[in-house]
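Let me begin by handing over the structure; questions about it come next.
Numbers restart at 1 for each chain; the letters A, B, ... are given by sequence-line order, proteins then strands.
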There are 2 protein chains.
Amino acid sequence: MRKASITIKEIARQLDVSKSTVSRALRDSSEISEETKKRVIELAESLNYSPNPIALSLLRNRTQTLGIIVPDIANPFFSTAIGGVEDIAYSRGYHTMIYQSHESYERELADTRHIAMRRVDGLIVSISSQTENHDHFIELQEQGIPVVFFDRVSESTPSHKVRVDDYKGAFEATEHLISRGCKNIAHIAGPANLSISRNRLRGYQDALTQHGIELRDEWVVSSEYNQAGGTERAYQLMALRNRPDGIFAASDRIAIGVHWALRQLGYRMPDDVALVGFSDLSISSLLDPPLSSVAQPSFEMGQLAATLLLDLIESKGTPAAFETRVLTSNLIIRKSSMKDLVGN
Amino acid sequence: MRKASITIKEIARQLDVSKSTVSRALRDSSEISEETKKRVIELAESLNYSPNPIALSLLRNRTQTLGIIVPDIANPFFSTAIGGVEDIAYSRGYHTMIYQSHESYERELADTRHIAMRRVDGLIVSISSQTENHDHFIELQEQGIPVVFFDRVSESTPSHKVRVDDYKGAFEATEHLISRGCKNIAHIAGPANLSISRNRLRGYQDALTQHGIELRDEWVVSSEYNQAGGTERAYQLMALRNRPDGIFAASDRIAIGVHWALRQLGYRMPDDVALVGFSDLSISSLLDPPLSSVAQPSFEMGQLAATLLLDLIESKGTPAAFETRVLTSNLIIRKSSMKDLVGN
DNA sequence: TGCGAATTCGGGAACGGTTTCGGGAACGGT
DNA sequence: ACCGTTCCCGAAACCGTTCCCGAATTCGCA
């Protein structure tokens, strides 16, 4: 049984004034006498009144709530990004509702519908790997709900975007493998419908060609962004007649799967195979050998996305031009890629 | 600019009927003619009308939302438990709002206040390690918002509780270390104000005494449930004149910190020190050597907590007796504790 | 034919706030 | 004495929906 909360009407009754007066007194309006204000505020506090946000939402058609869709909150990259969003949101009086797409397009669609129904004020999203059609985000925007993408952004949707320089990160990672003497460098890419996958792939390719190394199709395979995919692809790569001596994985989760597979197969890292991942999850440094990785500022990405979204929400009339903020990644070199330089 | 959603009133205007009629037609009331129903439903669909849940909430004083407070969503144990909660909640038409206490009492307090203000229908919570006073949960219940605890339960608060058999899990883990020939078994306990910490400590103690092993105070230290604490305590334990040859850590996060410290210090696991953790996080199996751990059914715990809470919410009048569901834990033995049996 | 009972629908209150409008009283100035 | 301000406050509309209460029309049956 839900106990009735005390309302403005109840205060008005006890003080024998109108509810308008109570409302104004609590909002410290100038057209209420100091004395009445004091009486109202005192009673409100003693009754420990708190205004009903639902009534406010109905009135203003605003919920003071941000939606956020990520593929998986158990992924540390996303959970810390969510932390960044919450950090900003709380400080500006908003709350966040967290949705998981579980890398499913259908689920993502259902989430956006729910967000529209729930009248959330805005959405921050990192799209699922199975999403090819982005119309549901456009629809949301047409309903007046602004959308900001982070990490896995939609290229076809005009909006604010926050991402890291995937191309540059991948380029540097690959260049690092080259500089450590790797000759046969493979890449395990992410799903091709995500722009981050394509950019990281391009970074890998350009680094090789720029160093005069021939691209070989058999050394580029694709995987979901998870551990099982990494393991599977590693088995596939190491079974090649021309096996790689360096692997750049498009994510740490993939790299962890590779790491596991290489140990299973008896390869030594970095001597037999040098390995680099992407994201620098905190667990990556705990592996043996510790994993080299391209670090992304996940918390800051969440903060920035939230800031952009809130500005969009609160600047009613002025639809400033959409911008894409590109944060810098940072290659963290650990033992998994520190192959001895024999030749040099 | 938020576009006005189409309302029941708009449909009524276009069809020249009253809004009551529209409302009833959409709810398939028997007192509306089939023909009118059809007209209303058709127009509603073509306008792609969806009812405003905020208005409903105001009317019913129900939000169809569950609150959930965990110390940290980046902890895989909690994020999978949240997955279990969502699984049940979605299927019963509820949404979940996720809060993080960050192991802070003040933050937990602020979260419960926000939950009360937001008129959430019920709360699922695993309390923070710094929480000693549980009055805020009682207050919530007095306001008619039911509370269900999981994992880190409150002993002083009457309510449904879902937990694993911490005592038995700890007992078995310790007994396992004994059976592998460990003579000097230390325990890194969690914060003493959490019942799980105390129960796991008791399991450790009882296993030792039951096998005629003397308890030594210096071998029981306490730590926060995180990696840094584990590392610190491991340094402390290994510095003892009488250093342990087996360590049972109260959580995997602590155990991972110990794991790291032991490798830093040059100890071999399990030969020099055998190690067992608690929770069986997925990363634990990736460590080298893989970590033995007491597995908890985290997803099922979330499901069960949600089921109990929803039953509580929807059974208006009948306040059935509160129950504590104790799920069984499961010792997973891996290399970190598989010390060779020399003597036997 | 007349009358009670269905059938079908509209009016309005209610949920808990904010806000527009207006009005009474006090007050000051001429 | 009269009028214009200013200060305080109340009445009522409004947000979107449900639901209670009537009410009009039709229908069935005696």
Chi angles and distances behind the ring pair (Phe, Tyr, Trp, His ring centres under 6.0 Å) call for Phe149(B), His134(B): CA-CA 12 Å; Phe149(B) 295 93; His134(B) 298 173; 7.1 Å; no
Residue Arg24(A), side-chain atoms from C-beta onward, closest of dC21(C), dG11(C), dC15(C):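 Comparing dC21(C), dG11(C), dC15(C) against the side chain of Arg24(A), the answer is dC21(C).
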Under 4.0 angstrom between Lys9(A) side-chain N/O and dC15(C) OP1 or OP2: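 Checking Lys9(A) against dC15(C): at least one side-chain N or O falls below 4.0 Å of OP1 or OP2.
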Face-on cation placement of Arg152(A) at Phe78(A) ring, 6.0 Å and 45° thresholds: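 Relative to the ring axis of Phe78(A), which defines the angle, Arg152(A) lies outside at least one limit.
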Whole-Å distance separating the CD atom of Glu31(B) from the P atom of dC19(D):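 Between P of dC19(D) and CD of Glu31(B): 11 Å.
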Of residues 36-54 of chain A, the positions that come close to DNA chain D - non-hydrogen atoms, cut-off under 4.0 Å: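 Heavy-atom contacts with DNA chain D come from Thr36(A).
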Pairing string, 5' to 3', for DNA chain C - Watson-Crick or wobble contacts under 3.5 Å, brackets [ ] where pairs cross, | to another strand: ||||||||||||||||||||||||||||||
Shortest non-hydrogen contact between Pro146(B) and Leu312(B), atoms and distance: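 Closest heavy-atom pair between Pro146(B) and Leu312(B): CB-CD2, 3.7 Å.
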Under 3.5 Å side-chain donor-acceptor pair for Glu10(A) and Gln14(A):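 Distance-only check passes for Glu10(A) and Gln14(A).
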NZ/NE/NH1/NH2 to OD/OE distance under 4.0 Å, Arg113(A) and Glu108(A):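 No, this pair does not count.
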Under-4.0 Å salt bridge between Asp311(B) and Arg92(B):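 Answer for the salt bridge query: yes.
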Touch class at under 4.0 angstrom, heavy-atom based, for Leu59(B) against every strand present: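 It contacts base atoms.
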Electrostatic pair Arg163(B):Asp151(B) at N-O distance under 4.0 angstrom: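 No, this pair does not count.
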Basic-acidic side-chain contact under 4.0 Å: Glu35(B), Lys38(B):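 Not counted as a salt bridge, because no side-chain N and carboxylate O are separated by less than 4.0 Å.
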Side chain of Ile8(A) (C-beta onward), nearest among dC19(D), dT19(C), dG17(C):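 The listed nucleotide nearest to Ile8(A)'s side chain is dG17(C).
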Any Arg27(B) side-chain nitrogen or oxygen under 4.0 Å from OP1 or OP2 of dT17(D):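 The answer is no; no side-chain N or O of Arg27(B) sits under 4.0 Å from OP1 or OP2.
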Gln130(B) side chain vs Glu103(B) backbone, donor-acceptor pair below 3.5 Å: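 Side chain of Gln130(B) to backbone of Glu103(B): a pair is present.
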Interatomic distance where CG belongs to Leu58(B) and C1' belongs to dG17(C) [whole Å]: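 Result: 8 Å.
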Step-by-step side chain to side chain donor-acceptor pair (under 3.5 Å) determination, Ser298(A) to Thr80(A): CA-CA 6 Å; Ser298(A) 48; Thr80(A) 62; 2.7 Å; yes
Interface with DNA chain D, restricted to residues 13-23 of chain B and to heavy atoms under 4.0 Å: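 Nucleic-acid contacts, sorted: Lys19(B), Ser20(B), Ser23(B).
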Under 3.5 Å side-chain donor-acceptor pair for Thr36(B) and Ser33(B):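 Thr36(B) vs Ser33(B): donor-acceptor pair found between side chains.
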Between dC15(C) (P) and Leu56(A) (CG): distance, integer Å: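 It works out to 17 Å between those atoms.
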